[in-house]
Amino acid sequence: MEKTNELNKFLSYIHMGNTIYRIYYKEAKKLNNKKLTDLIVEIQEKFKTHEETISGLIQKLHGKPNESLTFVGTMGVYKEKLKSFPNAFAICKSAIQATHMGMISSLKFLDNNKELSIEIKRHIIKVIDDYGNIINKSKEFILQTCQ
């Protein structure tokens with residue numbers, strides 16, 4: 001039961017990231033920036049895959065995956081909704097910051113839950129690696145648009 005509760009907490013981080021990227025998607029659509037919307041869709045697919053994987057691990061432990069955000073997650077999403085995104089740089093900058101926070105939270109989660117099985121840790125490490133890739137892709141998008 002303890003593992004299920006902890007994994008549901010981790011799953012809520014992923015839900016929060018996916019929800020925040022929906023905001024970025026809407027903002028990129030408003031800018032009519034196809035390259036940026038394509039990048040965001042690619043990132044959202046990663047989040048969706050991670051949601052499915054972690055939900056599957058929770059079910060394997062005979063738990064019920066949480067489909068909602070925590071209070072803190074909800075507040076984070078509202079904070080992001082209040083931001084102004086006048087251009088692609090603002091969206092990418094915010095995406096990098098949010099993803100970096102997700103990476104730090106995931107690393108902290110891993111450190112605080114050392115007793116989790118190797119299989120579960122591998123999935124969490126995959127999420128962390130993907131956060132690094134998302135940050136790099138967002139950075140590359142900015143660099144390409146500056147040339």
Show the numbers, then the answer: is there a side chain to side chain contact (heavy atoms under 4.5 Å, CB included) between L36 and F141? CA-CA 8 Å; L36 183 56; F141 178 88; 3.7 Å; yes

Output for pair (L110 CG, I125 CD1), nearest 0.5 Å, gives 5.5 Å

Quick one: pull up OG1 in T99 and CD1 in I20 and give me the separation to the nearest 0.5 Å. 8.5 Å

Any link between V41 and I142 through a network of hydrophobic side chains (Ile, Leu, Val, Met, Phe, Trp, Tyr) touching at under 4.5 Å? yes

Pairing of E27 and K30 as salt bridge, 4.0 angstrom limit: yes

Any chance NZ of K29 has more than 12 other-residue heavy atoms, nucleotides or ligands included, within less than 6.0 Å? no

Determine, using the 4.5 Å side-chain heavy-atom cutoff (strictly less than), whether M75 and L11 are members of one ILVMFWY cluster. no

Please verify the inter-ring angle class for Y13 with F109; under 30° counts as parallel, over 60° as perpendicular, anything in between as tilted. perpendicular

Could you check T49 against D130 for side chain to side chain contact (heavy atoms under 4.5 Å, CB included), going step by step and ending with a plain yes or no? CA-CA 11 Å; T49 299; D130 280 347; over 6 Å; no

Kindly determine whether I23 and K26 satisfy side chain to side chain contact (heavy atoms under 4.5 Å, CB included), including the steps that lead there. CA-CA 5 Å; I23 296 167; K26 284 201 287 192; 5.6 Å; no

At what distance, to the nearest 0.5 angstrom, does CZ of R122 lie from OG of S117? 8.5 Å

Given side chains that start at C-beta, do those of F85 and K93 come closer than 4.5 Å, heavy atoms only? no

If you apply the rule side chain to side chain contact (heavy atoms under 4.5 Å, CB included), what do you find for M101 with Y131, and how did you get there? CA-CA 10 Å; M101 283 176 46; Y131 285 166; over 6 Å; no

Nearest heavy atoms of L69 and S12, plus distance in Å: CD2-O, 4.0 Å

Membership question, hydrophobic clusters at under 4.5 Å side-chain separation (ILVMFWY): are L61 and I58 in the same one? yes

Check N113 against K121 and note the closest heavy-atom contact, atom names and distance. O-CE, 4.1 Å

Side chain of N8, backbone of K64: donor and acceptor closer than 3.5 Å? yes

Value for NE2 (H15) from OG1 (T74), rounded to nearest 0.5 Å, stands at 11.0 Å

Between OG1 on residue T4 and CG on residue L57, distance to nearest 0.5 Å: 10.0 Å

H100 atom NE2: more than 12 heavy-atom contacts under 6.0 Å: no

hydrophobic_cluster_shared for M16 and V72, side chain cutoff 4.5 Å: no

Minimal non-hydrogen separation, L7 against I54, with atom names: O-CG2, 3.9 Å

Pair S94, Y24: side-chain N/O donor-acceptor within cut-off below 3.5 Å: yes

Can you name the closest pair of heavy atoms from F10 and S106 and give their distance? CE1-OG, 3.4 Å

Which atom of I43 lies closest to which atom of Y21, heavy atoms considered: CG2-CE2, 3.6 Å

First locate atom CD1 of I96, then atom CG of N136, and finally report the distance between them rounded to the nearest 0.5 Å. 9.0 Å

Are the charged groups of K9 and E6 less than 4.0 angstrom apart, N to O? yes

Does E45 pair with K48 as a salt bridge, N-O distance under 4.0 Å? no

Passing option when I14 is tested against T53, V127, T19 for side chain to side chain contact (heavy atoms under 4.5 Å, CB included): V127

Specify the closest pair of heavy atoms between S138 and L39, including all atoms of both residues, with the distance to one decimal. CA-CD2, 4.3 Å

